[in-house]
Amino acid sequence: DVMKEPIGPLPCYAPNHGHKPGHNFYQDYKNGQYIMTELRRRNPGIFLEVYWGLKRTYPWGLASLNGCESWYESNGHQDDRMQSWYNQNYRFLPNYVNFAQVRGFTDPELRKEILSGISLSSHLQIGLGVKLLDKPSNQQFFRKWTGWAAENFRFLNVKRDLFGQPWAVPLDGSAHVIEGRGYLFLFNECANDQVGSIPLNESIGLKKGDFFDIKQIYPEEQWLAQGVKRGEMTHIPVEASGVSIISVEPASAATPALP
């Protein structure tokens, strides 16, 4: 016969384990925290990510960890963003601990996975997309955008959600803004072109500045608007099933005039 593990709490009734018999759960938590803290102390450069067990101790259980597996095994970039939305808005976790896995069976899928991943986490796990990374063009794309993420990590490590919960809206995204500048990520998950309307105010993190220049940096570089006044809406086009990354920066006289 196969032994079946009991489901649910596992009380310990030992009289000499540092807790009252049958009341070991807080001690279990403290022991787990000690193990993670000691691992970190002995190996300062180690990357620690949790799957399942410690989820019950969020957010405090993540104190010594770099990442978490979110709610459950994800099935794609949209699901990663949906789970990160819940992590941030219900569990109150910092976005850089989110789980993001690079998958994909086509080049466009792979590239969208990469861009989605850098928008919601400080690290990427390579999954089914690893085969496509054999292609030099995809390697170049991966290096370019992970390098860009490393240069801009201070912006990416802050995140405010736009539009609503991924899966529930056709266009989702996030704002990564510090003081008077930053970046916007928009993801279109439907077969029609979409336009995202975003207010230039503190709701996206803009705390300084009165006028802003708006530049698209992906899928191609182009100026979208110049000298937009604080509080006004900026309208970002996103092609069907596409991604748009936008730079928001203080208005400058050096910005080329729009045609």
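Treat the numbers as computed from the prediction; the structure is a model and nothing was measured.
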Candidate pair I245 and W145, rule side chain to side chain contact (heavy atoms under 4.5 Å, CB included), full reasoning: CA-CA 11 Å; I245 304 176; W145 285 101; 3.9 Å; yes
Sort and list the pairs that fulfil side-chain hydrogen bond (donor to acceptor under 3.5 Å, both in side chains) and have at least one residue in residues 122-143, not counting sequence neighbours. E49-H123, Y51-Q125, Q101-Q125, D107-K135, D107-N138, R111-N138, S121-H123
Side-chain heavy atoms nearer than 4.5 Å, only ILVMFWY residues, links allowed to pass through others: does that put V195 and L224 together? no
Residue from K112, E113, E189 passing side chain to side chain contact (heavy atoms under 4.5 Å, CB included) with Q78: E189
Between N89 and D161, does any side-chain donor sit less than 3.5 Å from a side-chain acceptor? yes
Do the non-hydrogen side-chain atoms of I214 and W223 ever get within less than 4.5 Å of each other? no
Tell me if the CZ atom of F153 is crowded by more than 12 foreign heavy atoms within 6.0 Å. no
Rounding to 0.5 Å, atoms CD (Q222) and CD1 (I246) come to a distance of 8.0 Å
In chain order, what residues pass the side-chain hydrogen bond (donor to acceptor under 3.5 Å, both in side chains) check against D172, with sequence neighbours excluded? R81
Within the structure provided, determine whether L48 and R40 are in side-chain contact (heavy-atom separation under 4.5 Å). yes
Pair K215 + E221, salt bridge at N-O below 4.0 Å: yes
Would N87 and Q83 count as having a side-chain donor-acceptor pair, cut-off 3.5 Å? no
Donor-acceptor under 3.5 Å (H176 side chain, G182 main chain): no
Angle class for the W148/F185 ring planes (parallel below 30°, perpendicular above 60°, tilted otherwise)? perpendicular
K208 bridged to E202 by N-O distance under 4.0 Å: no
Set of residues satisfying side-chain hydrogen bond (donor to acceptor under 3.5 Å, both in side chains) with respect to R41, sequence neighbours excluded: E38
Donor-acceptor check, side chain of N188 to backbone of L171, threshold 3.5 angstrom: yes or no? no
Between E109 (side chain) and F105 (backbone), is there a donor-acceptor pair under 3.5 Å? yes
Can you tell me how far apart CG (D79) and CH2 (W85) are? Round to the nearest 0.5 Å. 14.0 Å
Between the CG atom in L120 and the CG atom in L156, the distance rounded to the nearest 0.5 Å is 10.0 Å
Start with the C-alpha distance between V102 and L110, add both sets of side-chain angles, then the distance that settles side chain to side chain contact (heavy atoms under 4.5 Å, CB included), and finish with yes or no. CA-CA 7 Å; V102 176; L110 175 74; 3.4 Å; yes
Mark yes or no for whether R181, through its side chain, and P250, through its backbone, hold a donor-acceptor pair below 3.5 Å. no
The test is side chain to side chain contact (heavy atoms under 4.5 Å, CB included); show your working for S64 and Q33 and say whether it passes. CA-CA 8 Å; S64 297; Q33 289 291 82; 5.6 Å; no
Report yes or no: do F155 and L184 belong to one cluster of Ile/Leu/Val/Met/Phe/Trp/Tyr joined by side chain heavy-atom distances under 4.5 Å? no
Apply side chain to side chain contact (heavy atoms under 4.5 Å, CB included) to residues Y218 and V243 and explain how you reach the verdict. CA-CA 7 Å; Y218 183 88; V243 180; 4.0 Å; yes
Looking only at atom types and distance, does a side-chain atom of R230 sit under 3.5 Å from a main-chain N or O of F211, one as donor and one as acceptor? no
Is it true that atom CZ of F47 has more than 12 heavy atoms of other residues, nucleotides or ligands lying nearer than 6.0 Å? yes
For N95 and R160, which I'm curious about, is there any donor-acceptor pair between the side chains at under 3.5 Å? no
Evaluate whether atom OH of Y96 has more than 12 neighbouring non-hydrogen atoms of other residues, nucleotides or ligands under 6.0 angstrom away. no
In sequence, state the C-alpha distance, the side-chain angles, and the governing distance for R103 and D80, and then conclude on salt bridge (Lys or Arg N to Asp or Glu O under 4.0 Å). CA-CA 11 Å; R103 308 166 184 80; D80 284 342; 3.4 Å; yes
